[in-house]
Amino acid sequence: MDAQELLALDARHVWHPYAPMPGKVEPLLVTEASGVRLKLADGRELIDGMSSWWAAIHGYRHPVLDAALTEQAGRMSHVMFGGLTHEPAITLARTLVDLTPDGLEHVFLCDSGSVSIEVAVKMCLQYWQSVGRKEKRRLLTWRGGYHGDTFHPMSVCDPDGGMHALWRGTLPEQVFVPAPPDGFGAAPDQSYVDVLAAEIERHAHELAAVIVEPVVQGAGGMRFHHPGYLRALRELTAAHDVLLVFDEIATGFGRTGAMFAADHAAVTPDVLCVGKALTGGYLTMAAALCTPAVADGISRGELPVLAHGPTFMGNPLAAAVANASLGLLRERDWAAEVARLDAGLRAGLAPAAKLDGVVDVRSLGAIGVIQLDRPVDIPAATRVVAERGVWLRPFRDLIYTMPPYVCPDEDLATVTAAMVAVAEEC
Ligand SMILES: *Cc1c(COP(=O)(O)O)cnc(C)c1O
C-alpha cells in the first residue's frame, strides 16, 4: 500500500488521541525512527522534540534497548502474573524500590499511567476501608492537574480542562483547591499553604488521599511550582490521617533535573506512580509503589488482597526493556545530560521572551515552554516546525518541548529555534 492509501484508510478507520472521527487533520506517516529522528513516508526526517509524549528518553532504536527486547522475546514474550513470576519483573521491582524515595517498598506493575492511578486510588480507598474508616473515599487535589483519561483519574484532572461539566453525575466529585502558585524558584507563599491546611483539615474526615503531580503539572498546563508545597502537603496529610499520592508519570526518571520530582522536596509519599519513560518509550508499562504501612493496612482488611490484576501485568518484554532503560539511566550521567539540555533550553528559548504575544518563557530540567496570549494554531504550527525539520505537538496556548536526553546540542538548538518561529508566526 502506498502512503496515500494508508492515510485514506487511517482517516476512515483509525481513531487518534483527542480527535474526531473521521479525522479532520491528516497525521504524518512515520516509517522508522532512530536516535532523535522520526523518518516520514515522504522521505523527510524530523527531530523529535516530544520524546513520543515524554517517554523516549534514550531516543529510538537504542542498541541496548533493542537487544534487551530481542533477547527477552527469545525466552518468552508473556506469561500470566497470577501464580507465576519471572526475573525481569522481580529485577524491575527491586530497581524501582532502589531509585524511588526511601520508604516505598512494594510495587504493583500495570499497563499504563492511567491504570497505575486507578491502582493508587484503589490502594488508598481500600486502605481506609480495611482499617474501618469506609467514609474516607474522596480525593483532594489542586487545580491544573492531569492524571489520565480513565474515569477515576479524570475525576482529579483539572475540572475545566477535564471538562467535568460533561461528566456531572458520572465522575466521582472530588475536592479541588486552587492551583499552586507559579514558579519553581519563587519563594513559597504562606497564604497558599494556609489554604491547603484549611481545606485538608475541613475535609479530612472524608478524604482517602491527596493526589498531585509534584513540581510540574504537565498536560494540565506545563506549570512549575516550588517543592516547598510538597513538604507542606506531606506534613498536613500526615497530621490529618490522609494518604499522599504523587503522580510522577511525567516527572519520573530525571525529567525535572532530579531522579524524581519528590527528591526536590526530600519527601516520600505513601503511594507513587511512574509510567511514560519507564520503558524508555518502547512498550506500555507503569507502576504504583506504596509503603509497608499502606500494604499492611490493606492486608488487615476483610478482603485482605489488592483486588486488581490486569491480563498483561508484569509483561516480561516491557519489564526487560524497562530494566535496560533504567540501567542506561544509571550508567550514563543522566543528571549532566539533563543539565546540558536545561542550559540549551534557557539559551534557545530566551529570544522568545521579547516577542509580542508571548506571556511566559520557562524551563526546568529537560522541559522548555513558551506560553502565548492565544491558542496555538496547531496545524499551522506543525507545518512551521516541520519545515525546520522538527516535530512538536503544541496544545492550548503552549509550545513546549521535552526532548530525549540524548538530544545533541545542535539538534536542541534547531528545536528551540522552531519553537520561537511558532511564537512569531502562528
Ligand atoms: C500521561 C500521564 C498520565 C496517564 O498516563 P497514560 O499512560 O497515558 O495512561 C497520568 N498522569 C500524568 C502526570 C501523565 O503525564
Side-chain angles (χ1 to χ4, degrees), residues 15-19 50-57 96 100 108-124 139 141-159 161-162 171 174 179-180 209-225 229-230 233 244-256 258 260-262 264 269 271-289 308 310 312-313 315 318-319 321-322 325 364-367 369 393-396 398 400-403:
W15 218 312
H16 283 269
Y18 311 106
M50 302 299 296
S51 304
S52 279
W53 268 337
W54 329 342
I57 53 177
L96 288 174
T100 51
F108 193 100
L109 297 170
C110 40
D111 319 54
S112 73
S114 303
V115 174
S116 76
I117 299 291
E118 299 280 6
V119 169
V121 170
K122 192 180 271 191
M123 283 175 173
C124 295
L139 304 170
T141 188
W142 47 39
R143 287 176 176 260
Y146 176 80
H147 297 284
D149 290 341
T150 60
F151 277 86
H152 241 103
M154 263 166 58
S155 75
V156 281
C157 289
D158 183 73
L171 288 184
Q174 314 293 15
V210 169
I211 177 169
V212 296
E213 292 159 278
V215 177
V216 176
Q217 294 184 296
M222 294 292 160
R223 301 171 74 232
F224 311 147
H225 57 257
Y229 299 123
L230 306 171
L233 286 179
L244 181 61
V245 181
F246 282 172
D247 175 350
E248 294 238 22
I249 293 166
T251 50
F253 310 113
R255 182 58 71 179
T256 68
F260 289 92
H264 289 295
V271 181
L272 179 128
C273 293
V274 297
K276 289 204 160 91
L278 175 60
T279 66
Y282 269 54
L283 285 161
T284 177
M285 181 177 258
L289 286 87
H308 212 97
F312 289 101
M313 184 167 178
N315 177 256
V321 185
S325 175
L364 178 70
I367 308 170
V369 184
R393 185 80 176 156
F395 68 102
R396 301 203 320 228
L398 301 162
Y400 78 97
T401 182
M402 292 213 199

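Please read all numbers here as calculations on a predicted model, not as lab measurements. Both ligands and their constituent atoms are indexed starting at 1 by order of listing.
Of all atoms in ligand 1, numbered sequentially from 1 with element shown, those under 4.0 Å from a heavy atom of E213 are 13 (C). The atoms of ligand 1 that sit less than 4.0 Å from any heavy atom of K276 are 1 (C), 2 (C), 3 (C), 14 (C), 15 (O). Ligand 1 places these atoms under 4.0 Å from at least one heavy atom of D247: 10 (C), 11 (N), 12 (C), 13 (C). Numbered from 1 in the order shown, with element, the atoms of ligand 1 that lie under 4.0 Å from a heavy atom of A250 read 15 (O). Residue G148 approaches ligand 1 through these ligand atoms, each under 4.0 Å from one of its heavy atoms: 4 (C), 10 (C). Taking a cut-off of under 4.0 Å to the non-hydrogen atoms of S112, the atoms of ligand 1 that pass are 7 (O), 9 (O).
Of the protein's non-hydrogen atoms, G113 CA, 3.2 Å is the one closest to atom 5 (O) of ligand 1.
If you check each of S114, A55, G220 against atom 4 (C) of ligand 1, the one with the closest non-hydrogen atom is S114.
Each of L233, V245, V156, D247 was evaluated against V212; a single residue qualifies, L233, per the side chain to side chain contact (heavy atoms under 4.5 Å, CB included) test.
With ring centers used as reference points, F246 lies 6.0 Å or more from F260. Residues Y18 and F395 keep their aromatic ring centres 6.0 Å or farther apart.
The CZ atom of F253 sits 8.0 Å away from atom OG of S325, with the distance rounded to the nearest 0.5 Å. Considering NE2 of H147 and CD of Q217, their distance stands at 7.5 Å, rounded to 0.5 Å. Atom NZ in K276 sits 10.0 Å away from atom OG1 in T251 (nearest 0.5 Å).
Judged by the shortest distance from any of its heavy atoms, W54 lies inside the 4.0 Å radius around the atoms of ligand 1.
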